[in-house]
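Taking it in order: structure first as structure tokens, then the write-up.
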Amino acid sequence: MENKHWWKNSVVYQIYPKSFQDSNGDGVGDLRGIIEHLDYLKKLGVDIIWLNPIYKSPQVDNGYDISDYQAINPTLGNMDDFQELIDGIHDRGMKLVMDLVVNHTSDQHHWFQESKKSKDNPYRDYYIWRDGKDGHEPNNWGSYFSGSAWQYDKDTDQYFLHLFAPQQVDLNWENPKVRHSVYDMMNWWAAKGVDGFRMDVINLISKPQGLPDGKKSADEKYANVQPIVANGPRIHEFLQEMNKNVMSKHKMITVGETPGATPEDAEKYASLDNKELNMVFQFEHMGLDGNDNPALGKWNDKKASLSDLRANFSKWQEKLMGKAWNSLYWNNHDQPRVVSRFGDDSTEEYRVKSAKMLATMLHFQQGTPYIFEGEEIGMTNAKFPKLSDYVDLESINAYHQLVDDQHLLDGKTMMKYIARNSRDNARTPMQWDDSENAGFTDGTPWEKMNPSYKQINVKKALADPDSIFYYYQKLIKLRHDLPVITNGDYQLAKGNEDDPDVFAYLRSNGDTTLLVICNYSKKTLQRHFDVPADAKLLISNYADDAGDSIRPYEAKVYQY
Ligand code: NOJ
């Protein structure tokens, strides 16, 4: 579909390169490993491949700490491999989206190496330096990865800001030289053939004037920084400037990771007149199972209720309709596995049924769907039992802060929460087959394998016509074939407003109507929907149709 909004009926597949396929036995996935599987992705039918950061990086946060924006990290390959990868993607009619991490750089980036040398270094103002206040940090902001968001530098007697790890130093977007260096770098990648960018925490780049203290509860050691820095005062000016300098010059797709964005914010970031970005990647539905105590944040083990999910999905569908564009996702490299979190991995039958049901619930909405590697075969949380099994700094720091430092949780409870919510659940290597290390590597995997690979792997999925893989393949094909999925309006089915277990919605564009019915529970329920006699069953995760009787985790879609 060659038109201005070509990305609207596209499906994105996200690859976490370190965990996808190792081609040289060092235990770390690499670009040549991805090249080996391009036909697999083509078979699935996706249109766009998004790679998590592959640039040169000390890997403190797995590549989200970039030390050179114009080089490939040596463990992943080199520029020749990159060229072969992008050619391979384009030859198969797919597109490549790179991760753009420009809220911060690594402390090893030469800009920061210069910046920290002295207060009058020409790069000093590339970052956010402040004097301390009465011998303390300049304000009470907390880092996303625990502790203060400020790090003291004794050589120049000032603090620098890092919203994430101390080795991820926030760039000063108030400085036009920073902004134009970023635009030049983006244009350089576009000239290499890159088709777009996923922009890491892009709505955090404009900090509020004066960097004021934030509010915090009694249990919180530092203030949650998100409400203070998200959607800052100059954000739209910066993105419009970026659009003018970069996006408007290329046929490019852009998606902004925007934590804390509401539908009203999304209307500005991703309005259909394309002044800023093509779509947002927002987090409201990911927050529905968070802890009521703000000091514990995401650390919890509750399951989101269907009522909350339905209300949230419906709000986004209704508010953005005809105005702006959203990403549709259950999973990414920062989230636990969908089937363990929102579905049911307690039995093989329920794993398969609930994975397909959740895919159905999401893929018939308006927006651009994202599939995270392994989701298409129903990979589950690894649920590692010991802290030493985990690699991710977010989980490890949170344990130390909440258990050892603040004593807000006991170790056992925190390990239960980590097993459910750690980002490592998403990052265990891709499960290709049931051989040692799931065919991911001949060496020692950089992150432990999820032991489930003997049962859950690509080889098995491809051999079973009823697998989750082929269900996703069908969902993608339906999006390509049926315009109503892209352009239809959205409405809850009559009487569905308060149903605690079944989610039913309609999509309609005047020509075609789809009725989507999903049972979020393992109960068999009686529900009546007015299904016209000439409606045909388009897709279902059961072999037959039981009419008004809706079986455990059943999903079905009628077309009329
Ligand atoms: C969001 C990314 O998705 C996450 O993985 C990373 O740790 C932070 N941004 C910091 O770059």
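Whatever order the structure lists them in is the order used to number ligands and atoms, beginning at 1. Side chains included, hydrogens not; waters and symmetry mates left out as well; all remaining heavy atoms used.
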Nearest to [atom], what protein heavy atom do you find, and at what distance?
atom: atom 8 (C) of ligand 1; result: Phe164 CE2, 3.8 Å
atom: atom 2 (C) of ligand 1; result: Asp200 OD1, 3.1 Å
atom: atom 6 (C) of ligand 1; result: Asp61 OD2, 3.3 Å
atom: atom 5 (O) of ligand 1; result: Asp334 OD1, 2.7 Å

Relative to the heavy atoms of [X], which atoms of ligand 1 are at a distance of less than 4.0 Å?
X: His333; value: 2 (C), 3 (O), 4 (C), 5 (O)
X: Arg423; value: 4 (C), 5 (O), 6 (C), 7 (O)
X: His104; value: 10 (C), 11 (O)
X: Phe145; value: 7 (O)

- Would you say the side chain of Asn381 lies within less than 4.5 Å of the side chain of Val339, judging by non-hydrogen atoms? no

- Task: Check whether any side-chain heavy atom of Asn73 lies under 4.5 Å from a side-chain heavy atom of Ile54, and answer yes or no.
- Result: no

- Test Tyr64 against Phe164 for ring-ring contact (aromatic ring centres under 6.0 Å, His included), laying out the working first. CA-CA 10 Å; Tyr64 283 96; Phe164 295 89; 8.8 Å; no

- Message: Test your reading of the model: is there a side-chain donor-acceptor pair from Asp405 to the backbone of His400, 3.5 Å cut-off?
- Response: no

- Message: Quick one: does any side-chain atom of Trp173 pair with a main-chain N or O of Val102 as donor and acceptor, under 3.5 Å?
- Response: yes

Is there a heavy atom of [X] sitting under 4.0 angstrom from any atom of ligand 1?
X: Arg427; answer: yes
X: Tyr144; answer: no
X: Glu394; answer: no

- Message: If you apply the rule side-chain contact (heavy atoms from CB on, under 4.5 Å), what do you find for Trp432 with Phe20, and how did you get there?
- Response: CA-CA 9 Å; Trp432 296 104; Phe20 197 59; 3.6 Å; yes

- Does Lys192 make a cation-pi contact with Trp188 (under 6.0 Å, within 45 degrees of the axis)? yes

- Task: Find the distance between CG (Asn300) and NZ (Lys298) and round it off to the nearest 0.5 Å.
- Result: 12.0 Å

